[in-house]
Amino acid sequence: MAPSLTNETVGTASGTSHSRQPRGLATLFMTEMWERFSYYGMRALLVVYLISGGPDSAAGSQGGGLAMKMATATAVYSVYVGMVYLMAMPGGWLGDRVWGARKTVTVAGVVIMSGHFLLALPGQGMFFSGLALVAVGSGMLKANISTMVGHLYDGPADPRRDSGFTLFYVGINLGAFVAPFVIGTVGQEFNWHLGFALAGVGMALGLLQFLLGTRHLSAKSDVVPNPLSPQERSKLLATAAAVAGVVALFYTGVVMAGAFTLEWALLPLSLAGLLIPVGVLVRIKRDKELSDTEQARMNGYIWFFVAAAVFWMIYDQGGSTLATFAEGKSANTLLGFGFPSTWFQSLNPLFVLALAPLFASLWIGLARRDREPSTVVKFGLALVLVGASFLVFAVPLAVAGPDEKVSPMWLVAIYLVQTVAELCLSPVGLSLTTKMAPAKYGSQMMGVWFLAVTAGDCVAGLLSMTGVNLNGTPAIVGQAALAVLAGVAIHLGRRTVRSLMGDVR
């Protein structure tokens with residue numbers, strides 16, 4: 001990959017050389033790359049596997065999937081992605097209070113690997129058990145591995161820090177880019193379960209890389225910053241056991257009554273994915289220890305949180321609504337070369353790798369001339385663009401028919417517009433969260449930012465469960481209009497939002 005990640009050019013985790021990246025960065029880079037390889041490879045297969053063999057399956061597909069209707073498959077996908085980001089908060093809590101970051105990442109890797117190998121086994125029971133394990137493990141890893149990257153440097157002022165995180169970001173997108181070509185092709189063209197097994201192999205390689213290179217990581221990654229007291233641990237275990245008992249008793253009754261359906265699991269998870277973010281924001285807002293300035297910033301942050309939820313509701317349908325369109329209504333050929341529909345899932349990370357450096361240079365160049373758009377303007381632009389991508393999507397959706405497939409360039413254009421929108425919102429939102437967080441909640445606010453993804457995905461899941469056809473033109477145009485209106489609203493309210501932000505820009 002990059003020369004700065006080779007053994008000859010890296011320094012030590014202690015930061016003895018300020019011209020070379022810490023050697024531990026190579027370990028974390030490769031771990032995250034393989035974890036993203038497994039995650040995005042499985043995600044590329046997920047919806048097409050769920051509908052395969054069912055009424056909405058594409059003609060000529062291999063069959064052998066779970067034969068779900070498209071609405072159910074979309075709900076499963078949306079809830080699954082939402083739970084991955086919801087699990088980032090308890091994952092971060094485990095790192096801070098129970099195991100420390102290094103041990104939590106190790107446990108997470110084992111959980112993810114086990115989940116993928118369960119997906120490789122036939123049967124719905126194995127499939128949903130594996131999916132749950134991947135969601136839990138991914139959330140645990142996501143919350144801690146970035147923290148470990150930060151531990152490699154001598155504080156925020158270390159001149160290597162920004163470039164180190166940039167290289168780490170490359171690892172994320174490199175794994176996401178390659179995965180659909182490997183896992184997607186094997187799963188879609190040969191055998192679904194072999195594809196899921198390859199995702200497990202990818203995570204196994206990442207875990208092995210992590211364990212072999214763990215000696216190069218900072219000693220800070222072993223520290224539990226705020227360990228639970230014995231009393232807190234006992235109370236927590238008792239509460240967890242009580243909740244688990246109530247849930248188990250309830251679902252045992254539902255099953256014994258013969259009333260259990262998939263919606264009995266999806267609906268509570270979707271509602272939790274909406275209520276938990278609201279509850280977290282309300283809890284922070286009601287904290288009497290926050291200063292007036294911090295309260296005002298939280299009021300402003302809620303604007304951005306809602307905007308982000310709308311954005312992710314549409315953006316994350318790249319793996320569901322757009323994926324099913326690619327499977328059934330796109331020609332999937334270019335210059336005479338045919339390819340599996342899962343390959344479209346590589347477009348977003350490819351565009352991110354190509355455009356992210358350009359956007360970073362653009363913002364820096366505009367800032368030097370005092371013309372960089374404000375955070376409010378960037379968010380508004382992101383919403384308008386993601387809405388515009390679905391307006392574009394409405395065109396091939398109207399043209400395609402049972403015997404008429406559209407050019408793959410429509411999907412290329414849609415993913416390109418969405419990536420530009422992502423680069424206006426995602427990195428900006430991460431930076432904004434660190435700036436607007438109340439001092440008391442500094443470490444927790446990053447988890448709050450991820451909850452915007454959970455909320456957006458769970459809204460999509462609820463819409464699908466309540467009978468809204470997210471693959472239909474009315475729903476596509478409606479979501480596009482909602483995003484554009486939200487973008488215009490946040491732009492019109494920019495003075496109010498800026499006043500709430502105080503000195504944060």
Side-chain angles (χ1 to χ4, degrees), residues 33-54 56-70 72-74 76-78 80-81 84 112-135 137-138 174-206 316-333 337-350 408 411 415:
M33 185 192 74
W34 282 115
E35 188 274 330
R36 292 291 87 181
F37 172 86
S38 68
Y39 174 80
Y40 281 101
M42 185 277 284
R43 203 182 87 156
L45 288 177
L46 183 55
V47 172
V48 288
Y49 169 72
L50 292 174
I51 66 174
S52 179
D56 296 319
S57 181
S61 63
Q62 65 165 299
L66 296 187
M68 288 183 181
K69 293 181 179 179
M70 196 172 296
T72 306
T74 300
V76 170
Y77 166 87
S78 298
Y80 162 70
V81 176
V84 168
I112 295 168
M113 180 181 65
S114 302
H116 284 303
F117 285 133
L118 281 181
L119 290 171
L121 300 175
Q124 283 201 28
M126 292 294 99
F127 177 82
F128 285 109
S129 297
L131 207 60
L133 287 178
V134 174
S138 297
L174 186 62
F177 170 68
V178 174
F181 293 116
V182 181
I183 297 173
T185 301
V186 171
Q188 195 172 12
E189 297 294 307
F190 297 99
N191 183 279
W192 298 112
H193 298 291
L194 182 57
F196 293 134
L198 276 178
V201 171
M203 188 64 251
L205 291 172
D316 272 346
Q317 290 180 54
S320 56
T321 304
L322 292 178
T324 53
F325 183 85
E327 170 70 356
K329 297 183 179 180
S330 176
N332 296 351
T333 57
F337 175 75
F339 54 90
S341 64
T342 48
W343 285 19
F344 283 106
Q345 299 299 305
S346 288
L347 287 172
N348 171 252
L350 173 63
L411 286 170
Y415 281 115

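Quick note: residue numbers are just sequence positions, from 1.
With rounding to the nearest 0.5 Å, the separation of CD in E327 from OG in S52 is 7.5 Å. Residue Q317 holds its CD atom at 14.0 Å from CZ of F325, rounded to the nearest 0.5 Å. From M203, atom CE reaches atom CZ of F117 across 10.5 Å, with rounding to the nearest 0.5 Å. Atom OG of S330 sits about 5.0 Å away from atom CG of L411, to the nearest 0.5 Å. Interatomic distance, CG of L50 versus OG1 of T324, reported as 11.0 Å (0.5 Å rounding). Rounded to the nearest 0.5 Å, atoms OG (S129) and CD (Q124) are 11.0 Å apart.
The nearest pair of heavy atoms linking F37 to L198 is CE2-O, 4.2 Å. Annotation for S341 and V48: closest pair OG-CG1, 4.2 Å, computed over non-hydrogen atoms. Taking both residues in full, the closest heavy atoms of S320 and V47 are given as CA-CG2, 3.9 Å, listed atom of the first, atom of the second, then distance. Shown here for P180 and T342, the closest heavy-atom pair between the two residues is CB-O, 3.3 Å. Of all heavy-atom pairs between M68 and F128, the closest is CE-CZ, 3.5 Å. Across all their heavy atoms, A199 and M42 have their closest contact at CB-CB, 4.4 Å.
Without hydrogens or angle criteria, N332 side chain to A326 main chain gives a donor-acceptor distance under 3.5 Å. Remark: the backbone N or O of V182 is not paired with any side-chain donor or acceptor of T185 at under 3.5 angstrom. In this structure, the side chain of S346 engages the main chain of F177 through a donor-acceptor pair within 3.5 Å.
In this structure, F339 has its ring center no closer than 6.0 Å to that of F181. For H193 and F127, the gap between ring centers reaches or exceeds 6.0 Å.
Under the rule for a ring pair (Phe, Tyr, Trp, His ring centres under 6.0 Å), Y40 has no partner lying at least two apart in sequence or in another chain. With sequence neighbours left out, the side-chain hydrogen bond (donor to acceptor under 3.5 Å, both in side chains) criterion links T72 to no other residue.
At least one side-chain heavy atom of Y80 sits under 4.5 Å from a side-chain heavy atom of V134. When side chains are defined from C-beta on, F196 does not count as touching M126, because their heavy atoms never get closer than 4.5 Å. By the 4.5 Å heavy-atom criterion applied to side chains, L322 and F344 are not counted as neighbours. At a threshold of 4.5 Å between non-hydrogen side-chain atoms, the residues E35 and S138 count as touching. For the pair V76 and L131, the minimum side-chain heavy-atom distance is below 4.5 Å.
Checking Y415 against Q345 by side-chain atom types alone, a donor-acceptor pair falls below 3.5 Å.
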